[in-house]
Each structure stands twice: as C-alpha cells, then as structure tokens.
Amino acid sequence: MPLDTLAKTLILAALGLLLAGLALYAVARLGLPRLPGDFVLEGRNWKVYFPLATSILVSLLLTVLLNLFLRFFR
C-alpha cells in the first residue's frame, strides 16, 4: 500500500474516532431520552434497562449517514 493512501486512511480513521468521541460525550452530557419502546425492569436492588426503540433509532440514523457518506465518496 502506498504511503499516501495509508496516510489518508489514518486521517479518516482519526476523524471518525473524533466524531464518535464527540457524539458519545454529547450523549453522556445530555442523556438519551427514554422512548416508548424502551423497557425498564426494576427490582428491590436491581434495575435493567433495554433501550430497544433507541437502538432501532440509532441504527436507522447510522445507516442513513453511512449510505450518504459512501455515495458522496464513490
């Protein structure tokens, strides 16, 4: 692999990690909203949270963004 291709790949990977880190930081600061499809099971000393609707929403959003990204760079 030529060095310029490797350099471009590393720069894109670093930008992707930066964007992912910023998104995680924003989610941690703001918190995820509880959607109607998210399930919470609680007991006396335990709590289990199943973010089903949030997972589906994030998956759809990432699918659309990835498709737009791939169409833009082809």
Side-chain angles (χ1 to χ4, degrees):
M1 178 183 295
L3 284 179
D4 61 337
T5 305
L6 180 61
K8 289 178 185 178
T9 304
L10 287 174
I11 289 171
L12 284 175
L15 287 174
L17 286 173
L18 177 67
L19 289 175
L22 289 173
L24 287 174
Y25 181 74
V27 166
R29 296 276 293 174
L30 300 174
L32 283 175
R34 292 204 174 157
L35 297 176
D38 295 342
F39 302 105
V40 179
L41 301 173
E42 294 184 53
R44 268 194 213 169
N45 298 324
W46 56 274
K47 184 177 188 179
V48 179
Y49 179 59
F50 295 108
L52 182 64
T54 303
S55 298
I56 292 170
L57 183 65
V58 168
S59 176
L60 287 172
L61 179 66
L62 289 176
T63 300
V64 168
L65 289 175
L66 184 61
N67 280 322
L68 289 174
F69 178 79
L70 290 175
R71 285 181 189 214
F72 181 71
F73 284 107
R74 280 193 183 180

Cluster companions of L62 among Ile, Leu, Val, Met, Phe, Trp, Tyr (side-chain spacing under 4.5 Å): V58
Residue pairs involving residues 50-66 (criterion side chain to side chain donor-acceptor pair (under 3.5 Å); sequence neighbours excluded): D38-T54
Shared-cluster residues of V48, by chain and number - hydrophobic side chains joined below 4.5 Å: F39, L41, W46, F50, L52, I56, L60
Contacts of type ring pair (Phe, Tyr, Trp, His ring centres under 6.0 Å), residue Y49, not counting sequence neighbours: none
Indicate every side-chain donor-acceptor pair of residues 1-26 with a distance under 3.5 Å to a residue at least two apart or in another chain.
from	atom 1	to	atom 2	distance (Å)
T9	OG1	T5	O	2.8

Cluster companions of L68 among Ile, Leu, Val, Met, Phe, Trp, Tyr (side-chain spacing under 4.5 Å): V64
